[in-house]
Every structure is written in C-alpha cells, then in structure tokens.
2 protein chains.
Amino acid sequence: MVQSTSNWSCGVASVMDIFGGKWKLNILWRISQHEGLGFNQLKREVEGITNIMLTRAIKTLVAENLIIRKELKVTPPRTEYYLTASAKSLLPIMAALNEWGKDNL
Amino acid sequence: MVQSTSNWSCGVASVMDIFGGKWKLNILWRISQHEGLGFNQLKREVEGITNIMLTRAIKTLVAENLIIRKELKVTPPRTEYYLTASAKSLLPIMAALNEWGKDNL
DNA sequence: CTGTATCCCCCCGGATACTG
DNA sequence: CAGTATCCGGGGGGATACAG
C-alpha cells in the first residue's frame with residue numbers, strides 16, 4: 001500500500017494524456033448515465049460539441065478501449081455507444097475528483 | 001453519497017482545466033515528495049522542463065492556491081515551494097488515478 | 001540562484017459544407 | 001441518422017538569450 005514507485009506521475013501522466021482533451025471525459029460521463037446512446041443523442045447531451053469533435057473523440061475513445069461502438073444494421077442507421085469495463089472502473093475515481101473540484105475550486 | 005448531481009462532469013472539467021497542462025501535475029508530485037524544493041532543484045526533478053515552463057507552471061499553481069511560494073531573503077536568493085492543504089488532499093485521488101492508469105493503459 | 005523577455009511552431013479545437 | 005472533408009485561427013509548449 002505504500003506508494004513506493006518513484007515515478008508515480010507516469011501513470012497519471014498517461015491518464016492526463018487521455019483526458020486532457022476538452023470533450024472525452026464529458027462523453028464518458030454521459031454514456032455512463034445512459035448506456036446505448038446514439039450519435040445525435042450524445043451530441044445533444046454533450047452541450048456545445050460539434051459533429052467533427054464528437055467523431056474524433058469517439059474514435060480515440062474506441063481506440064483506447066474506453067467505449068464500445070455498436071453499429072446496428074437498420075434503416076435509418078443507428079449506432080450505440082457503451083462503456084468498457086476499463087471506463088467503468090474509472091468512474092469512482094472521477095467522482096472523487098469531482099468532489100475535490102467542488103471543494104477546492 | 002449517492003451521486004445525485006446531474007452535472008457531475010463540471011467539477012471534473014475544472015480539475016482537468018487545471019491539470020490538463022503538461023507539467024503542473026508532475027510538479028505537484030515532486031513537491032509532495034520533497035517539500036521545500038528550490039527552483040533549480042525542482043527543475044532537475046521535473047525532467048525535461050525549461051525555465052520558462054517551470055516559471056509559468058509555478059505562477060498558475062500559486063494563483064490556484066495549490067502551492068506556496070516562500071521567498072527567503074538571502075544571498076544568493078532562494079525560494080522554496082510547498083503544497084497547500086488543497087493540493088495535499090488531492091494526492092490520494094491522484095494515487096488512485098495512477099493505479100488505474102497502470103492497470104488500464 | 002531565480003527567474004523574465006522574445007520569438008516561433010505545431011496541433012487542438014472548431015466552423016462550414018458535404019456524403020452514405 | 002451518422003458521420004466525413006476541408007480549411008483555419010489561437011494558444012499551449014518550447015528554444016534561446018537576458019536580468020536581478
């Protein structure tokens with residue numbers, strides 16, 4: 001339990017690389033609140049985001065194994081987004097961060 | 001304890017605004033490991049950082065009430081840096097983030 | 001030792017228009 | 001509905017030189 005690692009910041013730095021962007025964290029949060037959201041639903045939830053930014057964020061989140069993209073073969077086309085287990089395990093930590101932010105900012 | 005807030009991400013977004021930069025988190029960590037570091041000591045600890053980037057990061061961290069800058073009136077001049085209580089309360093969360101990063105990236 | 005002053009580049013974030 | 005293509009501006013990040 002003693003944090004012996006001298007390079008403590010490396011893991012956090014990786015996390016920051018992933019969530020340093022403007023939208024990805026918010027997107028994860030929205031999906032966690034309502035799994036199976038579609039593209040435009042997600043766009044409405046994440047206020048202010050544009051098509052291109054949402055597309056980019058989704059792509060990287062999928063590549064990082066944080067969300068799952070499920071394409072339904074229907075007309076009109078529909079795609080649903082879900083969190084991976086990795087992303088879900090991150091949520092409690094984010095809740096803690098949220099508390100800290102509210103108390104200290 | 002139930003996370004009732006619908007705008008959960010707002011607090012986290014503020015945190016990310018603060019730590020989205022490349023250096024600030026690493027600087028906090030170094031100071032936490034060795035309170036009272038001087039400018040050049042800190043520069044050596046935070047590998048790769050330049051004078052100007054360190055200066056900028058320190059300024060914003062002070063402004064955000066995350067570190068304390070203590071200027072000693074001696075020759076040659078010396079300045080020491082310490083964490084505020086706010087910053088210290090953040091460390092356990094960062095440790096959790098670190099664990100997550102190592103397990104999931 | 002502890003910083004500041006310039007100058008510069010790259011890339012994130014975005015507006016707009018278009019496509020299957 | 002679910003994206004892609006193109007173009008662009010601003011700012012974060014940095015190299016270098018200078019200062020108290």
Side-chain angles (χ1 to χ4, degrees), chain A residues 9-10 12-31 34-64 66-82, chain B residues 9-10 12-31 34-64 66-82:
Chain A
S9 73
C10 73
V12 178
S14 307
V15 175
M16 290 300 163
D17 278 350
I18 288 187
F19 296 110
K22 188 171 181 179
W23 301 108
K24 288 160 73 179
L25 187 61
N26 198 330
I27 291 170
L28 280 190
W29 171 243
R30 300 303 174 181
I31 298 177
H34 190 156
E35 297 249 353
L37 281 174
F39 187 91
N40 277 345
Q41 288 174 321
L42 199 48
K43 186 180 170 188
R44 277 189 294 273
E45 292 281 333
V46 182
E47 210 152 330
I49 199 170
T50 59
N51 276 5
I52 189 81
M53 296 312 296
L54 183 53
T55 300
R56 286 178 192 171
I58 287 174
K59 271 189 178 169
T60 58
L61 285 169
V62 169
E64 289 156 356
L66 291 168
I67 67 175
I68 294 166
R69 183 177 178 280
K70 186 175 181 182
E71 196 170 341
L72 307 182
K73 303 295 184 181
V74 296
T75 49
R78 172 166 181 84
T79 312
E80 297 181 343
Y81 297 98
Y82 300 87
Chain B
S9 74
C10 73
V12 177
S14 308
V15 175
M16 288 301 163
D17 278 350
I18 288 187
F19 296 111
K22 188 170 180 180
W23 301 108
K24 287 160 74 180
L25 187 63
N26 198 330
I27 290 169
L28 280 191
W29 172 243
R30 300 304 175 180
I31 297 177
H34 190 156
E35 297 249 353
L37 281 174
F39 187 91
N40 276 347
Q41 289 174 321
L42 199 48
K43 186 180 170 189
R44 277 188 294 272
E45 293 282 333
V46 182
E47 210 152 328
I49 199 170
T50 59
N51 276 6
I52 189 80
M53 296 312 296
L54 182 53
T55 300
R56 285 179 192 169
I58 286 174
K59 270 188 179 170
T60 59
L61 284 169
V62 169
E64 289 156 356
L66 291 168
I67 65 174
I68 295 166
R69 183 178 179 279
K70 185 176 183 182
E71 195 171 341
L72 308 182
K73 304 294 184 182
V74 296
T75 48
R78 172 167 179 85
T79 312
E80 297 180 345
Y81 297 98
Y82 300 87

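Each chain gets a letter, A, B and so on, in the order the sequences are listed, and its residues count up from 1.
Residues from residues 54-63 of chain B with heavy atoms under 4.0 angstrom of DNA chain D, sorted by number: B:R56.
Rounded to an integer number of Å, the gap from B:I49 CD1 to C:dT2 P is 14 Å. In this structure, the CD1 atom of B:I18 is 17 Å from the C1' atom of D:dG12, given to the nearest Å. One atom, OH of B:Y81, and another, C1' of C:dC1, lie 11 Å apart when rounded to the nearest Å. The interatomic distance linking B:N40 (CG) with C:dG3 (C1') rounds to 9 Å, in whole Å. Here D:dG11 presents its C1' atom at 12 Å from NZ of A:K22, a figure rounded to the nearest Å. Whole-Å rounding puts the B:L42 CG to C:dC1 C1' distance at 14 Å. For the pair A:E71 CD and C:dG20 C1', the interatomic distance rounds to 11 Å; values are reported in whole Å. Between the CE atom of B:M16 and the C1' atom of D:dG12 there is a distance of 18 Å, given to the nearest Å.
Proximity of B:I49 to B:N26: side-chain heavy atoms (C-beta onward) are nowhere separated by under 4.5 Å. Side-chain contact check for B:W29 versus A:V12: every heavy-atom pair is 4.5 Å or farther apart. Side-chain contact between A:M16 and B:K22: absent, with no pair of heavy atoms (C-beta onward) separated by less than 4.5 Å. With a 4.5 Å cut-off on side-chain heavy atoms, A:N51 and A:F39 count as touching.
When each of D:dA15, C:dG3, D:dA2 is scored by its nearest atom to the side-chain atoms of B:T50, the top-ranked nucleotide is D:dA15. Looking at the side chain of A:R78, the nearest of the listed nucleotides C:dG3, D:dT6, D:dA2 is D:dA2.
Using a distance-only test at 3.5 Å, with no hydrogens or angles considered, a donor-acceptor pair links the side chain of A:K24 to the main chain of A:I18.
Each of A:W23 and A:N51 was matched to the nucleotide of DNA chain C holding its nearest heavy atom; the match closer to the 5' end belongs to A:W23.
Across all their heavy atoms, A:I67 and A:I31 have their closest contact at CG2-CD1, 4.0 Å.
Using modelled atom types and a 3.5 Å distance limit, the side chains of A:N40 and A:R44 yield no donor-acceptor pair.
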